[in-house]
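Here the structure comes first, spelled out in structure tokens, and everything after it is commentary.
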Amino acid sequence: MLSNWLPFLFYALFAAAIPASMIALSFLLPKRPVARTRQKLLPFESGVSEGPPDRERRFTISFYLTAILFILFDIEVVFLYPLAVRLEELGWFGVGELAVFIGILAVAFVYVWRKGALRWS
Amino acid sequence: MTQRVDWWVSLLQAFVVINIVMGGFAYLTLAERKVMGRMQLRYGPNRVGPYGLLQPIADLVKLLHKESFRPAAAIDWLYLLGPFLAAFTALATFSVIPFGPGWEIAGVYVPGQVADLDIALILIFAIGSIGAYGFIVGGWASDSKYALLGAMRTCAQLVSYEVALALSVLGVVIMAGSLSLTEIVAAQADSTWYVLPQIVGFLVFLLAGTAETSRAPFDLPEAEQELVAGYHTEYGGMRFGLYSMAEYINLITLSGLCVTLFLGGWHGIGFTPDWLAPAWFVAKVAVLLYVFIWMRTTLPRLRYDQLMRFGWKVLLPVATLNAVVTAILVVAL
């Protein structure tokens with residue numbers, strides 16, 4: 001079973017080698033001397049000359065809400081996969097469990113919807 | 001079915017397959033520009049080589065020779081890690097997609113996919129999720145207003161549509177009773193292509209997949225008119241090339257996954273000889289890729305609030321309902 005992962009490992013090594021070599025080549029190949037004027041090293045800003053770094057910039061709360069909702073719903077999806085694989089053997093019991101699970105999820109979803117967490121304005 | 005595969009066969013196959021994927025990516029960029037050109041009543045690239053066929057190679061050489069600079073405020077190693085992560089995760093996922101039944105060549109067994117894993121489907125979603133880091137790390141490390149905004153948008157979009165994407169596949173998993181892509185293909189050969197009973201799942205998968213690969217009409221992450229270039233604003237040369245590569249290879253993998261899950265994988269219509277299986281697979285993937293290009297030229301871009309609303313309030317409930325209905329029907333019949 002574990003030996004099935006060996007081909008994946010080979011493939012992943014190639015998949016890592018290609019971008020790594022390309023990044024390395026992007027340092028080695030360009031011949032032109034790098035002109036390091038101050039203007040050029042500034043982050044792109046059309047027309048406005050400069051400003052403070054904005055890494056600490058604040059964002060709309062919606063982005064954070066989306067991230068939290070994603071974690072909630074995606075984990076629920078992860079729980080559904082094992083059930084889905086064995087559903088035919090479990091029969092109606094499995095469907096009942098699925099219905100209860102998705103029912104609770106639906107209640108949460110309706111709550112989130114009514115609270116306006118999914119609204120972007 | 002599970003035959004022993006020699007390690008050197010795997011190594012060789014991995015090397016060949018990844019090069020085919022890279023070649024596919026290179027010519028997908030050309031095909032897209034050609035098709036888009038024709039749809040917009042112009043020629044597209046036709047100067048480098050016959051019919052512009054050497055254009056991708058010229059592009060690669062050009063990108064590799066571009067001056068490599070970065071903004072002074074960028075965090076160096078994260079700035080380089082971004083494109084690496086994006087390209088690596090995009091490339092790595094293709095390894096589990098089956099493109100043939102497996103062949104006996106000169107007494108050596110060559111499997112129909114690089115890695116036959118029981119949890120191939122989960123692996124694809126898992127690695128795909130790591131890919132989102134490539135975009136947000138790159139955009140954040142650039143320390144540019146536009147890159148940061150683009151990265152935030154990209155991330156929110158990717159995570160929103162990932163839920164719908166994962167749920168849309170649930171119906172297929174219930175019908176096939178397996179997470180292994182080879183078994184899902186085999187199950188489709190026994191019954192019917194899942195695009196028929198899972199038409200809703202197929203459509204949700206296609207739409208969510210378009211958003212996952214940030215293709216038009218869901219190409220908000222790089223909405224030129226608002227964000228300059230989105231998360232890769234501060235990237236140039238091959239670092240930009242890697243992001244572009246990640247996007248196109250994600251598209252190829254997504255099409256391959258769609259073919260595997262819904263369109264019967266490498267099985268053709270009627271009897272398929274074993275040696276013809278990859279041709280069927282490539283043909284189906286090509287048709288899907290054409291549809292993606294077609295969509296890009298046809299549909300205007302959504303607004304960001306429309307995009308989020310569509311993902312959460314339409315695709316997610318529809319995909320969930322589809323899974324429940326499938327579950328009831330599978331057990332009842």
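In what follows, every chain begins at residue 1, and chains take the letters A, B, ... in the order their sequences are listed.
Atom CZ of A:F73 and atom CG of B:L167 lie 9.5 Å apart (nearest 0.5 Å). Of the inter-residue distances, the one linking A:F109 atom CZ with B:T320 atom OG1 reads 7.5 Å to the nearest 0.5 angstrom. B:E162 contributes atom CD, which lies 4.5 Å from atom CZ of A:F70 (distance to the nearest 0.5 angstrom). Here A:L87 contributes atom CG and B:T326 contributes atom OG1; the two are 10.0 Å apart, rounded to the nearest 0.5 Å. Distance check, rounded to the nearest 0.5 Å: CG of A:L105 to CG of B:L316 gives 7.5 Å.
A:F10 places none of its side-chain heavy atoms less than 4.5 Å from the side chain of B:I18. You'll find the side chain of A:P19 reaches within 4.5 Å of the side chain of B:L91, heavy atoms only. The side-chain heavy atoms of B:W312 and A:V112, taken from C-beta on, include no pair separated by under 4.5 Å. Counting heavy atoms from C-beta on, the side chains of B:F125 and A:V77 never come closer than 4.5 Å.
With a 4.5 angstrom heavy-atom cutoff, B:L60 touches chain A only via side-chain atoms. Contact of B:A332 with chain A is made through backbone and side chain together, with heavy-atom distances under 4.5 Å. When heavy atoms are compared at a cutoff of 4.5 Å, B:V9 does not approach chain A at all. Contact annotation for B:I122: only side-chain heavy atoms (C-beta onward) come within less than 4.5 Å of a heavy atom of chain A. Heavy atoms closer than 4.5 Å to chain A are found nowhere in B:L307, neither backbone nor side chain. Both the backbone and the side chain of B:L11 come within contact range of chain A, judged by heavy atoms closer than 4.5 Å. Of the two parts of A:F63, only the side chain, counted from C-beta on, holds a non-hydrogen atom closer than 4.5 Å to a non-hydrogen atom of chain B. Using a 4.5 Å cut-off between heavy atoms, A:L28 makes no contact with chain B at all. With a 4.5 angstrom heavy-atom cutoff, B:S95 touches chain A via backbone and side-chain atoms both. Only the side chain of A:L98 comes within less than 4.5 Å of a heavy atom in chain B; its backbone stays farther off. Looking at B:L165, there are no atoms closer than 4.5 Å to chain A (heavy atoms on both sides), in backbone or side chain. Contact annotation for B:I249: neither backbone nor side-chain heavy atoms come within less than 4.5 Å of a heavy atom of chain A.
Within a 6.0 Å radius of OH in A:Y81, other residues, nucleotides and ligands contribute more than 12 heavy atoms. For NZ of B:K62, the number of neighbouring non-hydrogen atoms (other residues, nucleotides, ligands) closer than 6.0 Å is 12 at most.
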Inset, instruction - Kindly indicate, with the supporting measurements, whether the criterion side-chain contact (heavy atoms from CB on, under 4.5 Å) is fulfilled by A:L25 and B:M238. - result: CA-CA 8 Å; A:L25 283 177; B:M238 205 54 220; over 6 Å; no
Inset, instruction - Decide side-chain contact (heavy atoms from CB on, under 4.5 Å) for B:I328 and A:W92; before the verdict, give the C-alpha distance in whole Å, the side-chain angles of both, and the deciding distance to 0.1 Å. - result: CA-CA 8 Å; B:I328 292 171; A:W92 286 112; 4.3 Å; yes
Legend entry - side-chain contact (heavy atoms from CB on, under 4.5 Å) between A:T66 and B:M152, intermediate numbers included: CA-CA 11 Å; A:T66 306; B:M152 290 299 276; over 6 Å; no
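Of all non-hydrogen atoms in A:I23 and B:L80, the two that sit nearest each other are CD1-O, 3.4 Å. Taking both residues in full, the closest heavy atoms of B:M175 and A:E88 are given as O-OE1, 4.2 Å, listed atom of the first, atom of the second, then distance. Of all non-hydrogen atoms in B:V331 and A:G91, the two that sit nearest each other are CG1-C, 3.6 Å. Across B:S10 and A:P7, no two heavy atoms sit closer than the pair OG-CG, 3.6 Å. Here the closest heavy-atom approach between residue B:F84 and residue A:A16 is recorded as CE1-O, 3.2 Å. Nearest heavy-atom pair, A:M22 versus B:L64, reported as atom, atom and distance to 0.1 Å: O-CD2, 4.1 Å.
Although no hydrogens or angles enter the test, the distance criterion places no donor-acceptor pair under 3.5 Å between the side chain of A:Y11 and the main chain of B:V96.
Per-residue counts of heavy-atom pairs under 4.5 Å with chain A were compared for B:R239, B:K313, B:M308, B:R303; the largest is that of B:K313. Residue with the most contacts toward chain A among B:T89, B:V114, B:V17: B:V114 (heavy-atom pairs, distance under 4.5 Å). Your options are A:A17, A:S26, A:A20, and the one with the most heavy-atom pairs under 4.5 Å with chain B is A:S26.
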